[in-house]
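Note that the structure is predicted; figures quoted are calculated from it, not measured. Below, chain A is the first sequence line, B the second, and so on; all start at residue 1. Below, all heavy atoms of this structure are taken into account, side chains as well, without hydrogens, waters or symmetry copies.
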Amino acid sequence: MLLLVAAHNWRARDGPFLEQLGCCDPMPNSHGEKVVGINMERLRHWLGTGACVSRPAEKLLGLAGFFPLHPMTITGAERLRKARAAEAARASEASAGPKEDAEE
Amino acid sequence: MVGGLRRGLWGRRGLSQATGSEAEAEAGEREARNTPDVSKPRFTDEAVQSLLYKMTGLNLEKIFRPLKQKCKPATYKTMTDAQLEEATEKAIEEAKNKLKMPPVLSEREPINDVLAEDRLLEGTETVKYVFTDLTYSTPHRERFIVVREPSGVLRKASWEERDRMIQIFFPREGRKVIPPPMFKEKNLVQVLHQDRHEDILNLCISQFEPDSADYIRVHHQIYDDIDKTAKYDLLRSTRHFGGMVWYLVNKKTTDGLLMDMIQRDLLDDATSLISLYHMVHPECQSAKEAKEQELHGVDLIKVFIKTESQKEGYIELALQAYQETLTNSEAS
């Protein structure tokens, strides 16, 4: 269970925190969904008192729609798409190559 | 009456979380019906509720029958006659509380609201994310629950998803996250064979929201089964009787119930059933005749049988038999 937490910057990742603001279950449940719960009221309070948001938390809140989508999410999606396209191109070239050899 | 039900039945927390639920659902219903038919009686009208309550009966023996509880040694009290009367009055008050009818609402509209379309996220995830707002003080009906699909679409969660998420984070007693397979149609038939209509109705009320499709479907299936097999007495003196009568009156299939009432010599109940029918369907023939001639009692029943019922013959025979027994008992 991943926790969305208000903590000091210098604390360990899993160390003591100030307040838990939410949780995220990384394993999909029997309905094929990853369950995330966020206490919006307390989150707004902490953001109001000037808390900074870590990158993974920003990405999660961007997916939730509370923040705009994080630029790295979009960049990651584009990179993934390019990588998949390149692989598909390589795979088609590889299959076309032996076929040409076979025809010859 | 329905307001008091909230506190006792849905738990203390219900005061903040579920308070909005019924009022909002009703308000939503009223808005959805744009036509201003104020004349059509609703389930929650005072007149309707009083009629249904009269028909439910007050069999103290059945209401306070021993439930499966932890085994405690019995307590015996000695009382004077006056104290006994007080105790019975208190018991009647408690019985009235237990007989408060669960709400009858129309089915809720499905939610099809898309908040954002970010198609560039397509392909990054294989699974959808369900985000729930866990603010303690928002009523459950107003809670934000959104779903980010693997295609990148951010939409509001459907009613089933909402119910499941709210049960995961704010669990309520007697409710399971995934509804038990007992409520499927085929399995319900098994339960109803064992004559356990009341138990499964109680389970259904604790499991589903009053305006969910499952709640309405299960209730209608149980009422139809009772109507088919004429087991009306199973629900008499329980809080489900009013709901059943309301369903049958709206569906216009009140013959079986009428016959059962006459056979059990409950003529008052029969007349209140017919007056309820006239309230809900004021345009039917028997309603007009009853209004013109101002009929009461047995005459009202006779007019109703002639005009509205399908099983005329049976009910007339039953009525005649009842009248004969009445004259016999008066004569002897």
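- B/R172 has no carboxylate O lying under 4.0 Å from a charged side-chain N of B/D163, or vice versa, which leaves the two without a salt bridge.
- Of the atoms belonging to B/E125, it is side-chain heavy atoms, and not backbone ones, that fall under 4.5 Å from chain A.
- Contact of B/L154 with chain A is made through the side chain alone, with heavy-atom distances under 4.5 Å.
- Considering only heavy-atom pairs separated by less than 4.5 Å from chain B, the leading option among A/L60, A/L69, A/L80 is A/L69.
- Ring planes of B/F43 and B/W246: perpendicular class, angle over 60° (limits at 30 and 60°).
- When A/D25, A/V35, A/L63 are compared by the number of non-hydrogen pairs under 4.5 Å with chain B, A/L63 comes out ahead.
- Looking at B/E161 and A/E33, their side chains come closer than 4.5 Å, going by heavy atoms from C-beta outward.
- Considering B/R175, B/R162, B/R108 in turn, B/R175 is the only one that fulfils the salt bridge (Lys or Arg N to Asp or Glu O under 4.0 Å) rule with B/E209.
- Ring geometry for B/Y223 versus B/Y247: interplanar angle of 30 to 60°, hence tilted.
- Remark: the B/D214 side chain and the B/S212 side chain contain no N/O donor-acceptor pair separated by less than 3.5 Å.
- In this structure, the portion of B/D118 lying under 4.5 Å from any heavy atom of chain A is its side chain and not its backbone.
- By number of non-hydrogen pairs under 4.5 angstrom with chain B, the leading residue of A/C23, A/G65, A/A77, A/G37 is A/G37.
- Residue A/R84 touches chain B through its side chain alone, counting heavy-atom pairs closer than 4.5 Å.
- Using the six-membered ring where Trp is involved, B/F208 and B/F183 have ring planes that are perpendicular, over 60° apart on the 30 and 60° scheme.
- Both the backbone and the side chain of B/Y129 have a heavy atom closer than 4.5 Å to some heavy atom of chain A.
- Contacts between B/I178 and chain A at a heavy-atom distance below 4.5 Å involve the side chain alone, from C-beta outward.
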